[in-house]
Amino acid sequence: MSAAPETPPSPSRPTVTEREARQVAEAAREQDWRKPSFAKELFLGRFRLDLIHPHPLPADEDAQRGEEFLAKLRDFCETKIDGALIEREARIPDEVVTGLKELGAFGMKIDTKYGGLGLTQVYYNKALALVGSASPAIGALLSAHQSIGVPQPLKIFGTREQKETFLPRCARTDISAFLLTEPDVGSDPARLATTAVPDGDDYVLDGVKLWTTNGVVADLLVVMARVPRSEGHRGGITAFVVEASSEGVTVENRNAFMGLRGLENGVTRFHRVRVPASHRIGEEGQGLKIALTTLNTGRLSLPAMCVGAGKWCLKIAREWSAAREQWGKPVALHEAVGSKIAFIAATTFALEAVVDLSSQMADEDRNDIRIEAALAKLYGSEMAWLMADELVQIRGGRGFETAESLQARGERAVPAEQMLRDLRINRIFEGSTEIMHLLIAREAVDAHLSVAGDLIDPEKSLSDKARAGANAGVFYAKWLPRLVAGPGQLPGTFGEFKHGVDLSLHLRYVERTARKLARSTFYAMSRWQGRMETKQGFLGRIVDIGAELFAMSAACVRAELLRSRGDHGREAYQLADAFCRQSRVRVEELFGRLWSNTDDLDRKVVKGVLSGTYAWLEEGVVDPSGDGPWIADATPGPSTRENVHRPIR
């Protein structure tokens, strides 16, 4: 083994064009569709109900193992977790973390042969919803450890030796974290600056990572770093398992946020950190693909906790609005409040339907769920935030007051404002809403780009465009006529969803609307061609319509499942009906905004803001912000800060 270089590699940050950045992201994206996808078909105007109905179910042994663990976890949550204490002290007590390790909660998704519990995705998500309701910070701890930390990428891409070395540790003793973001790199990984320079049988890491969830207490890290291209090394962004205790690893700061106060999230610096080549996950240059593939199912953990939040919001809304009276009757019976409660109830039902359906499809592995999981994350994070906001409004002044203050003056300590703060990050975590819109939109138009992409690519030759035109002609000659009519126009279609309450009419609406959505997408591509990717407002609305249609489909399928099992079927049908009617109002509004909006005017205003044209509008206030750069210096080098790394043993 040779010695580390005397000087660190060049700290220069990669300079990339917009096109190069897109190429990096495109190269990391899964290119093939080897399995069917309900959501992909939906965006193409094809309503494949057969892919989700009858609702798939877990095997009996999986359900039994999952239910047994949930019972133990519920007891632990009720007796060992003090959410108010975690909020007050901004830290999860070490004994709670230790107890969760002993319970096996850190190995929920790890195979039993490595010491884990081997839970299905369905029961893993139910466990996260349960523990997240006790403390969202603990939910984030467990999720970051298993959904994007060491266990998941090793499960998919790890070697047998790596699995045997690291998975038993992750199952019982070690906490893991995932490190991609840097101070100047967020959703544009092409500019990643952390380097991993080959040196003998090792790589030498240098760089700074920001917002490393679990990083303060982690024992093992998944680190994304750029390997320079050289003889024998293809280079590119690459994933590594790094021991957090390695020489040269420094946790320089424990970050604090508006919510999730118990989150152990930090800034991590690497200075000449030696990592054995045997700790590299996959091949050089596969790092982003590994990250994105990991997130295909890893994203489901976040909406699972949003389901838990919705259930809690419903419970508090029900209890409070029945007890609180105004003008001679409970506030729930006033329409202004009642509509909010109906929204919370219906949306919680639909969101649970989306998560359970997506999770069970992930377990069965018959369908490609990359779009479904992304839609679940997008929809869950947005709707949970709205539900929590409505709960605060229902609670009035008490919703704005902290639980500690409520308790101090003799009332029930309801942490509604904390729930709102804790949920806010979900619209940013694991891909912001804006990024999710673009990611899903890219997948939604994949079929079009596959046949007509060269037509709208300005760098393609005339001969390439001619071939693309011929291929596109064949594709659209078959596809477009199918968007004119379908089973959604026949009154008796989906009649098996009519039991007292008629859900068949909503499924017919989904079928008709999916075709309308596909026609709108095609028209937009014909109109804007190569400029389509700049129409982010339009693409976001297309995706939001698809999310609503997916949620409506899942809600109806879940209601029928519960009815067929004699499990609150009548009530489930009522909730599904209410949700679909609410959703249809939102869908129609979104369709209206596809073509009637202020997008063009907004762009002009933005240019004026950036040029200082409207700077006069900012007069009359003072800025309480402190001094300092907008983005912290992340130049590689030795740390000058105290190491606040705090492993829990």
Side-chain angles (χ1 to χ4, degrees), residues 86 90-92 96-97 100-101 104-110 116 119 121 124-125 127-132 134-156 166-167 169-182 186 209-224 239 241-242 244 251 254-257 259-268 281 290-306 308-309 373 377 380-381 422-432 645-648:
I86 294 172
R91 176 164 293 176
I92 303 169
V96 171
V97 177
L100 288 167
K101 289 180 180 180
F106 281 83
M108 288 187 284
K109 288 195 71 179
I110 297 175
L119 297 187
Q121 186 73 38
Y124 170 65
N125 285 342
L128 288 178
L130 176 60
V131 75
S135 168
I138 294 179
L141 168 74
L142 295 175
S143 172
H145 166 71
Q146 292 172 89
S147 297
I148 57 175
V150 171
Q152 189 67 14
L154 284 193
K155 177 182 178 180
I156 304 173
F166 297 117
L167 291 184
R169 292 171 56 182
C170 291
R172 292 289 174 178
T173 60
D174 289 15
I175 298 174
S176 69
F178 173 77
L179 286 69
L180 171 62
T181 305
E182 298 177 0
K209 294 293 185 179
L210 177 63
W211 296 326
T212 60
T213 297
N214 291 358
V216 178
V217 296
D219 305 285
L220 292 170
L221 314 171
V222 176
V223 181
M224 296 292 166
V241 178
V242 179
V251 179
R254 181 179 186 258
N255 304 322
F257 304 98
L260 295 181
R261 285 172 49 78
L263 197 68
E264 296 288 355
N265 179 294
V267 176
T268 305
I281 307 175
I290 290 170
L292 292 176
T293 304
T294 297
L295 282 172
N296 279 346
T297 54
R299 281 197 176 98
L300 289 173
S301 62
L302 192 150
M305 288 183 282
C306 290
K377 188 275 174 188
S381 60
D422 288 342
L423 284 171
R424 185 59 183 84
I425 187 58
N426 291 339
R427 298 170 65 199
I428 301 171
F429 260 170
E430 296 178 17
S432 69
H645 183 226
R646 189 179 64 84
I648 300 173

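Reckoned from all heavy atoms, side chains included, excluding hydrogens, waters and symmetry mates. Numbering starts at 1 and runs along the sequence shown. From a predicted model like this one, the values you see are computed outputs, not experimental measurements.
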Check your understanding: Yes or no on side chain to side chain contact (heavy atoms under 4.5 Å, CB included) for R254 and R646, after CA distance, side-chain angles and deciding distance?
Key -> CA-CA 10 Å; R254 181 179 186 258; R646 189 179 64 84; 5.7 Å; no
Exercise for review: Applying side chain to side chain contact (heavy atoms under 4.5 Å, CB included), run through F257 and N265 and close with a yes or a no.
Suggested key: CA-CA 9 Å; F257 304 98; N265 179 294; 3.5 Å; yes
Check your understanding: Run the side chain to side chain contact (heavy atoms under 4.5 Å, CB included) check on L100 and V97 step by step: do they pass?
Key -> CA-CA 5 Å; L100 288 167; V97 177; 5.5 Å; no
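With hydrogens and angles disregarded, no donor-acceptor distance shorter than 3.5 Å links the side chain of K209 to the backbone of F178. Distance alone, capped at 3.5 Å, places no donor-acceptor pair between the T293 side chain and the I290 backbone. Of the possible donor and acceptor atoms, one in the side chain of H145 sits under 3.5 Å from a partner among the backbone N and O of F106. Within the 3.5 Å criterion, the main-chain N or O of I175 finds a donor-acceptor partner in the side chain of D219.
Summarising the geometry, atom CG belonging to L263 is positioned 12.5 Å from atom CH2 belonging to W211; distances are rounded to the nearest 0.5 Å. Within the model, atoms NZ of K377 and OG of S432 stand 7.0 Å from one another, a figure rounded to the nearest 0.5 Å. One distance of note links OG of S381 with CD of E430; it measures 10.0 Å at 0.5 Å rounding. Note that CD1 of I138 and CG of L130 are 11.0 Å apart. Values are rounded to the nearest 0.5 Å. Annotation: the span from T294 atom OG1 to R299 atom CZ amounts to 10.5 Å, rounded to 0.5 Å. For the atom pair OG1 of T173 and CD1 of I648, the computed distance is 12.5 Å after rounding to the nearest 0.5 Å.
Under the rule for a side chain to side chain donor-acceptor pair (under 3.5 Å), the partners of R169 that lie at least two apart in sequence or sit in another chain are D174, E243. Residues passing the side chain to side chain donor-acceptor pair (under 3.5 Å) test with N426: none are found, sequence neighbours excluded. For Q146, the side chain to side chain donor-acceptor pair (under 3.5 Å) criterion is met by no residue, not counting sequence neighbours. Judged as a side chain to side chain donor-acceptor pair (under 3.5 Å), and not counting sequence neighbours, the contacts of K109 are Q121, Q152. Looking at residues two or more places apart in sequence or on another chain, you find a side chain to side chain contact (heavy atoms under 4.5 Å, CB included) between M305 and L128, S143. Partners of F166 by ring-ring contact (aromatic ring centres under 6.0 Å, His included), not counting sequence neighbours, listed by chain and number: H279.
Of all heavy-atom pairs between P153 and V222, the closest is CG-CG2, 4.2 Å. The shortest non-hydrogen separation linking P136 to D422 is CG-OD2, 3.4 Å. When all heavy atoms are compared, the tightest approach of A218 to A244 is O-CB, 3.2 Å. When all heavy atoms of L142 and Y124 are compared, the closest pair comes out as O-OH, 3.9 Å. Closest non-hydrogen pair, N125 versus S301, comes out as OD1-CA, 3.7 Å. When all heavy atoms of T213 and A144 are compared, the pair lying nearest together is CG2-CB, 3.6 Å.
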